[in-house]
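The sequence lines fix the lettering, A, B, ..., with proteins before strands; numbering per chain opens at 1.
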2 protein chains.
Amino acid sequence: MHNKPPTIKDIAQRLHLSISTVSRALRNAGDINPETKKSILQLAEDLNYQPNRLALSLRQNQTNTIGVIVPNLDYVISTMVKGIDEAALEAGFTVIVCQSNESFGREVVNTRRMLNSLVDGFIISISSETKSNEHFKVLSEREIPFVVFDRVIPDLLASSVILDNEEGGFIATEHLIEQGYKKIAILAGPQTLGISNSRLEGYKKALKKHDIKYDDELVIYCDFNQEFAFYATEELLSSKKRPDAIFTISDRMAIGAMLAIKKKGLKMPEEIGLVGFNNEPSLALFSPSISSVEQPSFEIGKLAGKIFIEQFLNNDFSNHKEVILKPKLVIRESSVRMTRKGN
Amino acid sequence: MHNKPPTIKDIAQRLHLSISTVSRALRNAGDINPETKKSILQLAEDLNYQPNRLALSLRQNQTNTIGVIVPNLDYVISTMVKGIDEAALEAGFTVIVCQSNESFGREVVNTRRMLNSLVDGFIISISSETKSNEHFKVLSEREIPFVVFDRVIPDLLASSVILDNEEGGFIATEHLIEQGYKKIAILAGPQTLGISNSRLEGYKKALKKHDIKYDDELVIYCDFNQEFAFYATEELLSSKKRPDAIFTISDRMAIGAMLAIKKKGLKMPEEIGLVGFNNEPSLALFSPSISSVEQPSFEIGKLAGKIFIEQFLNNDFSNHKEVILKPKLVIRESSVRMTRKGN
DNA sequence: AATATTGCCGGTAACGATACCGGAAACGTT
DNA sequence: AACGTTTCCGGTATCGTTACCGGCAATATT
């Protein structure tokens with residue numbers, strides 16, 4: 001039923017040439033008379049010829065497509081994906097994105113699915129539920145190239161592009177200390193996740209540097225989730241060891257914490273300070289506006305894309321690059337009590 | 001270099017059978033001895049055989065993939081895409097998403113690109129910049145099936161799934177009227193976009209029903225954009241005809257308006273009411289929380305997916321279905337001045 | 001017993017493209 | 001004149017899969 005798109009065969013028949021000749025002309029290969037070539041290109045243009053990518057991929061065993069596997073598409077990750085997109089576009093690659101929805105099962109299914117000759121390799125950020133690497137080990141065994149970013153996979157050999165999460169935890173905590181907060185709690189993420197632990201490490205490091213005793217009752221592990229953060233904060237605030245500042249390792253959690261703080265009627269930043277992580281745009285709109293650790297998401301994605309493509313084209317995935325980018329603290333009202341509050 | 005995945009040929013050789021027989025076994029076709037079939041399936045399982053989708057698609061001229069073209073991936077649209085995803089998954093289809101970033105050029109490029117035998121058809125929501133249909137007319141000419149959703153394409157014949165935007169504008173406006181607001185302004189979107197106009201129509205309809213005179217100085221056309229809304233609201237508030245309520249046709253715009261209102265020092269909802277559109281989750285967190293028109297985004301996406309697949313499988317795209325779903329008003333603090341403000 | 005019907009299997013062409021090889025004609029070289 | 005070189009083109013195999021046809025037994029039908 002479809003009005004089928006033209007193929008090189010159509011062109012060949014119309015010009016009374018062989019498909020080989022047409023193919024050479026369109027590929028800019030040699031062995032061809034300039035005149036012949038010109039007429040072929042002309043006709044191809046007229047017919048609006050586009051090569052069939054399926055046939056090409058099948059023949060060349062290469063799809064020029066990158067599979068991107070992410071746990072979700074929140075603000076940070078979707079920005080990273082845009083970065084990957086840009087790198088891919090520049091190199092003539094296509095990107096297919098699959099959300100695992102933080103589910104291990106879907107991560108496996110999606111990987112398998114894309115593996116059926118649809119992609120040349122993967123760029124991966126694991127789901128928070130993912131504890132095993134088995135399904136990625138398959139990639140290694142079959143020598144399918146991949147690069148990891150954002151959330152890396154422990155014990156898995158591959159190039160990686162990540163944030164210096166420890167540094168992020170450190171600058172946030174040190175900032176709170178410098179603002180005179182004494183009892184700083186941290187809402188850390190799930191213990192299974194590397195980024196959680198790194199940010200927690202940074203927190204510890206800052207405390208140590210400023211001779212503040214580490215108190216594990218001020219450390220709450222909870223899901224990357226506004227609600228959990230809300231309840232965790234409520235509990236913290238009514239405990240004996242009520243903190244005078246909270247550092248949350250995501251902005252969603254910061255918002256949950258802020259709601260709990262407001263409900264309790266505490267003044268921010270006077271009575272309690274707050275710093276989040278990711279610097280989502282809406283943070284500036286809250287009142288008080290919320291300080292946060294910003295990460296160069298777009299760059300992380302773009303770099304991951306570039307590294308993948310570079311290694312793919314050179315067919316060299318044995319040299320593992322490890323890029324670590326630095327975060328930046330964006331200071332807003334929620335954590336500044338030394339100076340007068342701005343407008 | 002790749003440890004190449006097994007093919008039916010490998011299976012055939014190992015069992016001393018022909019590829020035809022193996023193919024039949026795996027496809028559950030007839031003409032096969034149960035014993036033979038069993039051994040083939042067993043070996044396929046052991047080798048973790050997965051059919052090569054490229055070859056399949058090339059052979060069958062069908063990819064089981066749907067191209068989804070969207071202007072961006074904001075909250076509403078990404079929810080819709082999740083709906084499409086679910087419908088596709090249930091039917092064994094794969095989804096490829098391309099953001100046009102509200103750019104006409106990228107929309108065209110992406111469409112062309114996916115058209116090169118990568119997708120069976122499209123599910124489309126146009127970019128706000130898109131004025132011409134030319135690149136989609138190509139689809140019609142080549143009889144490539146597509147379904148439109150959310151933002152429809154005027155004068156283009158296809159099934160569609162959309163929100164009753166007029167109704168949305170109507171219930172938001174009527175709500176404000178019932179709350180006693182008299183001079184209600186509207187921040188409408190770009191005039192080129194159908195959904196803007198429909199919501200504006202609803203607004204007019206509500207005014208008319210309640211015998212309020214329509215005043216076009218209270219209608220501001222501006223981009224779907226927080227900043228534009230901010231400046232537009234500032235202007236509105238300092239004009240002679242200062243409104244006592246504002247209806248914005250997106251939540252982003254509502255947030256912009258709210259910032260301008262706060263800056264001006266007006267009390268909400270007492271001195272000025274506000275209703276947004278889309279019901280993004282963060283609205284509940286602002287103070288005051290913001291009322292908004294909710295749309296069944298997930299259902300819209302899922303329906304669009306289902307309709308596409310159904311029509312595709314029946315090979316019937318001549319009967320154009322038109323589904324229109326109803327919005328729902330979510331009332332929060334920003335627009336309620338009759339009763340006492342909640343906690 | 002001759003024929004028709006099944007059950008089961010293999011061979012081959014095709015989907016659209018590229019890679020490799022071989023060959024005819026035109027030219028240049030001794 | 002005989003040979004080697006270019007230039008330009010066509011034929012064929014191939015990627016992994018399915019569709020179609022044909023064929024050979026074994027069984028069923030008359």
Side-chain angles (χ1 to χ4, degrees), chain A residues 1-41 43-44 47-65 113 115-120 142, chain B residues 1-41 43-44 47-65 92 115-120 142:
Chain A
M1 66 155 230
H2 283 199
N3 230 338
K4 299 230 277 174
T7 70
I8 53 170
K9 199 172 163 188
D10 297 326
I11 298 181
Q13 282 174 346
R14 289 237 216 168
L15 297 178
H16 304 290
L17 291 168
S18 76
I19 55 171
S20 309
T21 307
V22 176
S23 173
R24 278 193 300 264
L26 294 171
R27 273 180 298 138
N28 251 326
D31 278 8
I32 191 152
N33 186 314
E35 294 284 319
T36 319
K37 183 168 175 178
K38 201 173 148 196
S39 66
I40 291 175
L41 292 181
L43 183 56
L47 295 179
N48 192 19
Y49 167 81
Q50 302 283 128
N52 183 316
R53 299 232 346 212
L54 288 178
L56 255 170
S57 301
L58 178 61
R59 179 64 232 252
Q60 307 192 322
N61 203 24
Q62 181 174 322
T63 60
N64 276 308
T65 301
R113 208 165 172 150
L115 211 47
N116 298 345
S117 352
L118 293 182
V119 300
D120 289 337
R142 283 180 43 184
Chain B
M1 68 153 225
H2 282 199
N3 231 337
K4 298 230 278 173
T7 70
I8 53 172
K9 199 172 163 187
D10 298 325
I11 298 180
Q13 281 173 348
R14 288 238 214 168
L15 297 177
H16 304 289
L17 290 169
S18 76
I19 56 170
S20 308
T21 307
V22 176
S23 172
R24 277 194 300 266
L26 295 170
R27 272 179 299 138
N28 252 324
D31 277 9
I32 192 151
N33 187 314
E35 294 285 319
T36 320
K37 182 169 176 177
K38 201 174 149 195
S39 65
I40 291 175
L41 292 181
L43 183 58
L47 296 178
N48 192 20
Y49 166 80
Q50 301 284 127
N52 183 315
R53 299 230 347 208
L54 288 178
L56 253 170
S57 300
L58 178 61
R59 177 66 233 249
Q60 307 190 323
N61 202 23
Q62 181 174 323
T63 60
N64 276 309
T65 301
L115 211 48
N116 298 345
S117 349
L118 292 182
V119 299
D120 289 336
R142 281 175 50 180

For atom CD1 of Ile8(A) and atom P of dC9(D), their distance in whole Å: 15 Å

Length of the CD1-C1' vector between Ile19(A) and dC15(C), whole Å: 12 Å

Between P of dC9(D) and CG of Leu17(A), the distance in whole Å: 7 Å

Under 3.5 Å donor-acceptor pair, Ser20(B) side-chain atoms to dG11(C) base atoms: yes

Partners passing side chain to side chain contact (heavy atoms under 4.5 Å, CB included) against Ser18(A) (at least two apart in sequence or in another chain): Ser20(A), Thr21(A)

Minimum side-chain heavy-atom gap Leu26(B)-Ile40(B) below 4.5 Å: yes

Sugar-phosphate only, base, or nothing, as touched by Ser23(B) at under 4.0 Å among non-hydrogen atoms: base

N or O in side chain of Arg27(A) less than 4.0 angstrom from dA19(C) OP1/OP2: yes

N/O donor-acceptor pair, side chain Asp31(A) with base dC9(D), under 3.5 angstrom: yes

Atom-to-atom span, CG of Leu58(B) to P of dT17(D) - whole angstrom: 12 Å

Rounded distance (Å) that lies between atom C1' of dA17(C) and atom OH of Tyr49(A): 7 Å

Distance, rounded to the nearest Å, where Asn33(B) contributes CG and dC24(D) contributes C1': 15 Å

Closest to the Ser18(B) side chain, choosing from dT17(D), dG11(C), dG10(D): dG11(C)

Arg53(B) (side chain) and dG16(D) (base): donor-acceptor pair under 3.5 Å: no

Sugar-phosphate, base or nothing in reach of Ser57(A), heavy atoms under 4.0 Å: nothing

Side-chain touch Ile8(B)/Tyr49(B), heavy atoms, less than 4.5 angstrom: yes

Which residue lies more 5' along DNA chain C, comparing Arg24(A) with Ala55(B) via nearest heavy atoms: Ala55(B)

N or O in side chain of Thr21(B) less than 4.0 angstrom from dC8(C) OP1/OP2: no

Length of the line joining Asn28(B):CG and dT17(D):P, which is rounded to integer Å: 16 Å

Residue pair Lys9(B) / Val22(B), side-chain heavy-atom distance below 4.5 Å: no

N or O in side chain of Lys37(B) less than 4.0 angstrom from dC8(C) OP1/OP2: no

Spacing between Lys9(A) atom NZ and dG16(C) atom P, to the nearest angstrom: 7 Å

Sugar-phosphate, base or nothing in reach of Asn52(B), heavy atoms under 4.0 Å: sugar-phosphate

pair Arg14(B)-Leu43(B): side-chain heavy atoms closer than 4.5 Å: yes

